[in-house]
Amino acid sequence: MSAALKPRDFKSDRQPIWCPGCGDFGVLNAITKALAFLERSRDEVALISGIGCSSRIPAYLDTYGFHGLHGRALPIATGLKVARPELTVIATGGDGDGFSIGGNHFLHACRRNTDITYVVMDNEVCGMTKGQASPTTHPDWRQAKLTPGGTQIPSFDPCGIALAAGASFVARGFSGDPNGLAKMITEAIVHPGFSFLQVLSPCPTYRPEQKEWKSQVQRECLDEQSERAAAAAAIHADNGFSTGIVHRLERPVWPPAARGGTTLDDIARAFSA
Amino acid sequence: MSAALKPRDFKSDRQPIWCPGCGDFGVLNAITKALAFLERSRDEVALISGIGCSSRIPAYLDTYGFHGLHGRALPIATGLKVARPELTVIATGGDGDGFSIGGNHFLHACRRNTDITYVVMDNEVCGMTKGQASPTTHPDWRQAKLTPGGTQIPSFDPCGIALAAGASFVARGFSGDPNGLAKMITEAIVHPGFSFLQVLSPCPTYRPEQKEWKSQVQRECLDEQSERAAAAAAIHADNGFSTGIVHRLERPVWPPAARGGTTLDDIARAFSA
Amino acid sequence: MSEDTRPILAVALLGSGGAGIATAGEILLETARRAGYYGKLTRSFGPQIRGGETASFVQLSIEPEAPPISRYDLVAALDWKNAERFAAELPTGPATRIVAAADAGEGPTLTGVVAEPLALREAARNTGVRENLQLLAVLCGWLGLSLGDLLDVASQRFRTRFGEASRALLADRIATPRPTGIPRLLPPENGDGSWNINGNEATGLGLLQAGIRMAAAYPITPATELLEWLSPRLEGLGGLLVQAEDELASINMAVGASFGGVPAMTATSGPGLALMHEGIGLAVAAEIPLVVVNVQRGGPSTGLPTKSEQADLLTALFGPHGDAPHVVVAPLGITDCTATAGWAVSLAEQLQTPVILQSEQRLAQTRIVCPPIDAAPAAPARARPTGDTPYQRYADTPAGISPIAKPGDADTRYVADGLEHDQDGTPTTAAAAHELQTSKRQRKLVQHDFGDLAFASEGPDDADVVLIATGSLFPTARAALSELASAGVSARAVGLRLLAPAQPALLAKTLGRARRVLVIEQSAGAQLFHYLRG
Amino acid sequence: MSEDTRPILAVALLGSGGAGIATAGEILLETARRAGYYGKLTRSFGPQIRGGETASFVQLSIEPEAPPISRYDLVAALDWKNAERFAAELPTGPATRIVAAADAGEGPTLTGVVAEPLALREAARNTGVRENLQLLAVLCGWLGLSLGDLLDVASQRFRTRFGEASRALLADRIATPRPTGIPRLLPPENGDGSWNINGNEATGLGLLQAGIRMAAAYPITPATELLEWLSPRLEGLGGLLVQAEDELASINMAVGASFGGVPAMTATSGPGLALMHEGIGLAVAAEIPLVVVNVQRGGPSTGLPTKSEQADLLTALFGPHGDAPHVVVAPLGITDCTATAGWAVSLAEQLQTPVILQSEQRLAQTRIVCPPIDAAPAAPARARPTGDTPYQRYADTPAGISPIAKPGDADTRYVADGLEHDQDGTPTTAAAAHELQTSKRQRKLVQHDFGDLAFASEGPDDADVVLIATGSLFPTARAALSELASAGVSARAVGLRLLAPAQPALLAKTLGRARRVLVIEQSAGAQLFHYLRG
Ligand SMILES: Cc1ncc(C[n+]2csc(CCOP(=O)(O)OP(=O)(O)O)c2C)c(N)n1
Ligand SMILES: Cc1ncc(C[n+]2csc(CCOP(=O)(O)OP(=O)(O)O)c2C)c(N)n1
Ligand code: SF4
Ligand code: SF4
Ligand SMILES: [Mg+2]
Ligand SMILES: [Mg+2]
């Protein structure tokens, strides 16, 4: 049955609350394409998100989902995947959600390598709260009322951090290229272990200058490196606009499989032994 | 007056609660040596820590201090330094404190580059809570009751993460070499901006095998790199036992200095203008 | 008065994506301020991030603090798309006049008299003067506001100067004949010295006036605007606002700054407050002065970020673990935000404790025109070490307040601690020390004389009925008094500015011989009611 | 009975760094269990991480659940270093016998009769049998316990077999002549089938029996041992315990697992609970079954991690923001931990709500010998979608409980949400939806019949005095009944296993015609008292 599903079958009939032109529409499309391509059953997929414009995405898919707490998409996704390893678990959210309040979980999810795909829609701004700087915001961006002189803090490098933290699949995509992005998401889902995708996803409302990304982005020009250090060097040397899978390495997925062997009776009996 | 202070003058008369042979004694000594060498006034120094064996250190110094919350040494230190830029602010704690629960603040402190020195006593274990794995614990260490099969999660690379996050001073020291460590801490304090020191500090109680560190550690063999990528490569290639300052780069300290220019009257007047 | 003139008028403006209804409301309020009127502006939005349906609710009056709107006099729509979403917030009556742009589409069924539609689109296309401004001009004409004020306010707002054609168009619009039945406002009794302010700004003002110079916070609706207002002003005063990575960092940065001797704060809303309880508890144990502004929104969990509620009372009172006495205060209206915020700072500094200031979305984001607000007094200086004995940071004192040194002070070095401690700050698990410090932390609050600010009261002392309320519902309770009086009920409104420490004796005294006490609150769990009973 | 034989004996063992006093206490308890005695072991430590002064307090009895120790019969010290630290915890009397190793040094002033010192050091040096074990052998002899049992228990504990010389030494020690005045225990009435268990283990057992198969947690005293006990057993049952990076991850991982249909939990203590309130609130709003074990320690803040307190009541009841009704239960003693933990799981699964289980250090880390504990029943299955209408996750139902699907189920796809939502889960800010869901979340708890487990009661129904307590203080209250009875007071003890939702009507009924009600609690703020009054 699920073999016949089209991308649009993965969409719910809820109207996105996003602004016209928001990059997140492209990400929504790409995810539906990837799921259709992979012929996943809608019943076997769960999208888990935090809070933010981008984090609204689960409701627009006709799969299971959890629109949780700001910054906590990864723990919820991890708990779900560990409890139900047969599901396809995709964590999603924004740059504020994932790298500001959610930074610690990001670090540890990269390290842990649970088989989750994490798609961050990076618009270099906290959109939902009306335009504050996020960790990926350029230090000199002065349009945020909260930091009128710019943050004056170098921006956070999502792929670089993911690599340093040990992520086994790291890629950068662009929401303006839903087909390329769909392919990347497909690879990420198929990858056994934690896969991280930084998706440049413009916010025309608070970052109108991001409309230029269309011309700045270099499609699929990052070379895939199985060596972590080489991938880090490539990311370090890049201007942030190159896309592609920069790192992929199979390493043990967590948790290891083997469990079982005790009964409740064994456990109780031990108190008198 | 402070010029005449000896290292021991920086010690309080409280008896450390640490186990005999704990590496943290060496760190305490090294800090007092560095402060004496720098001729800091005891009144102008504040040690801020989290919770853990290592985080008990402020009480053993005769300076100001704050023994705060588990994982929150860096925010308290940042708040203090930003409010009182003239003070010497040293944040301290353990690997559990800094890299497990405190991981997000670590990331953002590296990025922010507030002029704080952060000394992490890394014993690859949660000592205070009686021997659980920390992020720096080897995946196959099976002595923790909480993770009897080992964590099976690759260990966290403190210097590598610090570099990826943008720390402007990164070093690794060893508590068994208090003089070398004191020199390193001196350099770290003098460095304008955030300086991070990973100090290998054995826990003979829960990690008796760390008594071997004495022979495994390679003193001062990390070459200082002003290039972030080169430093990262050096750390990546290392086995974790080389010590030295691996990265130092002067970049703008946060917050930028210039402030002022308004009065309360100006502010009130604007409501009827 | 052959004409229908009124001391108060209520106008609702509606429109959908990009119509500029929010801005129109703000311009109308400020234009009325310049004419000498008082007023109030609230807004409501659809779910879209930007460009969804919007309503601006404007009340203008010749006296400040008009009672809550019970019926709109005028409903004006640029278009009716999704306007039914606001129907529940839009009480109208047979006398309500409803006017819409000519191409507004089908409206919701509202009681009232429908006026001639206004044709605005073509002129907008020809002159570039958008329909929202044209509509405003029409309304200004009907309400008796001047073209000059409107032009000034609008050009300031849009950072533009209007050309000849635009001015001519607006002059024409303001002269639009008034449909019969639209009441006029009585002439204003006031100059143009009144203030245009919302609760977030009034709170920020009080914090700064009382001495806050450092803030650390993470954005969250509806506290963000308070932070955005504070940020440049704190810097202007030589202080700083740090945008922290999360709420855990926020609260602990504020703790660090205050430990350094600088009055410090954070602001957040429910989800952030829930994350801060461990840090607030640290401030209790380590006795760190601190103000936490909680701008309440609808809960639980992420809840209703743009709606108001008073359901964070219990978490503010009881969130931190252990016996963690601290102070909770609430402003009793928008103008009261300044005094209460200032008081919060004073209490924090004096009592060396975290103070949670319970604001509400309804206070924070409602904009009013009001008489100038008195400046909050500067907070008293912290109790300083006297120097005659070896310094003990947590010394037992009769009042429970121990002298507090700060790093940099000579010879009063100490280590602040969240572990239980001896008087000198050394960690201990001894029962005696725990009892001593626990009782000291409780005593310093319980013995404090909170003075007249604790409760507000309006109405006869010997009233039969007492209405107890806090926050934005105190003005509501006060407004009910006159209605009750006309119904022959002798009633009094008591406003609780001080929520913790509880003041049962004072409250009992305040309630006097009331035969009936009603607790008015916006919480499904009757949180205030149960708290007051305990 | 010419000899002094007793049904209960209390022994305190003391020693400093490395003396092995903690182990000695455990071996003594287990040796007594094998002989057929019941018993209890608590411990106290100095501030050092390891190797500081230690006290093991052991009570042995022929019947289970002996009353609290009011006086020690025997105090035995390997050395007296820093022993004065324990003086406050060590009530002695003129009949107390005090015995110490020959080189124990100067002891604290304790009332009692000092016996001949024991020379143990040389034998330890010669045979390798440490002084703690030698002392134990002496005590076993005096108490009437057997060498065989002692050897079995000790060799199991040290994972070693004792050689000839060691056995001979211990045989010699156990034959040490009893000083006059040391009472003997009455012969045991029981076989060796009783259990040796502490509150953490009893809690873990109940959780597993009721169906918990996933845990996520971060270590914290005194919850760590519960987690350490659970970890291998969860894996053995095909489940898993995840050591999370922090408490925010812990609670949200548990939420995720439970969303996946697997009964899930976390455990923590005060500081961790304070961090979890946002996540608990999410579970309230999204209606996720969840058990949070809070092993209370002394607060506020980091407080007194190794000491017991009941002062996290308010944070457990009221920590999450907004109107966030949830369930709070507390075990009424160590053996009750199993049933209460099982009940917590059942309530969570049935009511789709977070349940906070309030344990205490005093329950968690006290080890007892008791009759086998009945298995907790498996939790009932969650309400499943019926399939006849389009599935609505948050459907309004009379009982307030909506059928809950899980990912993988066919055709019941939904998105769980912490934003307020319509019945199908779509976020909304509509007042009607908020009212509906708020009342549904409240109703499902308030209307639930919690049955007999809610309260426990002991004593005459028509007692004049009622003692109300929860947690570890219920056994204390029960123990007081016989004392009160001998003083001519007719008293009853009521134990609150269910703390929230509050049950005022049931409580009033339970209190009946009592003339006096006393609330017994370990909280300086009288938290339970104020809560019950509200
Ligand atoms: C604990 C908590 N803190 C703060 C917020 C407020 N908040 C909601 S969304 C958001 C930022 C969202 O930014 P991002 O993740 O980049 O998403 P975007 O809206 O840009 O897609 C913030 C700060 C919250 N909901 N919860
Ligand atoms: C919020 C919170 N969670 C957990 C704890 C328990 N805890 C105290 S110290 C500690 C770990 C300390 O490990 P580390 O920082 O490596 O210090 P060490 O003792 O090894 O020096 C933990 C988990 C706590 N105090 N607070
Ligand atoms: S504010 Fe920006 S990120 Fe949010 S929906 Fe609009 S365009 Fe998208
Ligand atoms: S447990 Fe380990 S880290 Fe803690 S004091 Fe002892 S040796 Fe040091
Ligand atoms: Mg964003
Ligand atoms: Mg450690």
Side-chain angles (χ1 to χ4, degrees), chain B residues 14-22 24 49-56 59 66-72 94-106 123 125-135 137 142-153 156 203-206 208, chain D residues 16-18 22 45-53 82 200-201 204 215-236 240-250 267-272 274-276 295 297 299-306 365:
Chain B
R14 293 191 184 95
Q15 185 62 32
I17 60 161
W18 295 322
C19 311
C22 178
D24 300 345
S49 69
I51 299 290
C53 299
S54 39
S55 291
R56 289 289 193 128
F66 204 134
H67 182 217
L69 292 176
H70 189 43
R72 316 298 165 201
D95 41 315
D97 193 76
F99 310 139
S100 196
I101 192 169
N104 203 30
H105 312 307
F106 180 50
N123 54 11
V125 76
C126 292
M128 181 63 113
T129 41
K130 306 204 180 299
Q132 296 79 33
S134 87
T137 301
R142 288 170 211 265
Q143 301 307 309
K145 289 188 200 152
L146 194 55
T147 47
T151 64
Q152 299 309 324
I153 303 175
F156 184 95
C203 171
T205 297
Y206 296 106
Chain D
S16 72
F45 298 97
Q48 298 81 352
I49 306 300
R50 216 174 202 190
E53 55 276 13
N82 293 326
N200 267 337
E201 294 166 353
Y218 186 73
I220 186 165
T221 308
T224 310
E225 289 153 350
L226 166 58
L227 302 168
E228 290 175 338
W229 186 89
L230 280 171
S231 179
R233 290 167 182 84
L234 269 169
E235 282 209 35
L240 190 70
L241 182 141
V242 183
Q243 179 179 339
E245 55 272 30
D246 58 22
E247 284 87 353
L248 307 167
S250 308
T268 187
S269 188
L275 289 170
M276 289 182 183
V295 188
R297 63 192 216 183
S301 197
T302 313
L304 301 105
T306 59
Q365 296 188 324

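The chains referred to below are lettered A, B, ... by the order of the sequence lines, with proteins before strands, and numbering in each begins at 1. Scope of the values below: all heavy atoms of this structure, side chains included, with no hydrogens, waters or symmetry mates.
- For a residue to count as touching a neighbouring chain, one of its non-hydrogen atoms must lie under 4.5 Å from one of that chain's; by this rule Leu275(D) touches chain B with the side chain only.
- Only the side chain of His70(B) comes within less than 4.5 Å of a heavy atom in chain D; its backbone stays farther off.
- In plain terms, the two heavy atoms of Thr224(D) and Thr129(B) that are nearest each other are CG2-O, 4.3 Å.
- Each of Gly149(B), Ser100(B), Gly71(B) has some count of heavy-atom pairs under 4.5 Å with chain D, and the biggest count is that of Ser100(B).
- Taking every heavy atom of both residues into account, Met128(B) and Ile49(D) meet most closely at SD-CD1, 3.5 Å.
- Between Pro219(D) and Gln132(B) the shortest heavy-atom distance is CB-OE1, 3.7 Å.
- If you take OH on Tyr206(B) and CZ on Arg50(D), they are separated by 4.5 Å, rounding to the nearest 0.5 Å.
- Without hydrogens or angle criteria, Gln243(D) side chain to Thr147(B) main chain gives no donor-acceptor distance under 3.5 Å.
- Under the rule for a side chain to side chain donor-acceptor pair (under 3.5 Å), the partners of Glu225(D) that lie at least two apart in sequence or sit in another chain are Gln365(D).
- The CD atom of Glu245(D) sits 13.0 Å away from the OG atom of Ser134(B) when rounded to the nearest 0.5 Å.
- No part of Ala144(B) comes within reach of chain D, as not one of its non-hydrogen atoms sits under 4.5 angstrom from that chain.
- For chain D, no part of Phe156(B) is nearby; none of its heavy atoms comes within less than 4.5 Å.
- Among Thr221(D), Ile220(D), Thr302(D), the residue making the largest number of heavy-atom pairs under 4.5 Å with chain B is Thr302(D).
- For the side chain to side chain donor-acceptor pair (under 3.5 Å) test, no residue two or more places apart in sequence or in another chain qualifies with Glu247(D).
- In this structure, no portion of Pro271(D) lies under 4.5 Å from any heavy atom of chain B.
- Counting heavy-atom pairs closer than 4.5 Å to chain D, the top residue among Ile153(B), Thr151(B), Ile51(B) is Ile51(B).
- Proximity to chain B is absent for every atom of Ala217(D), based on heavy atoms less than 4.5 angstrom apart.
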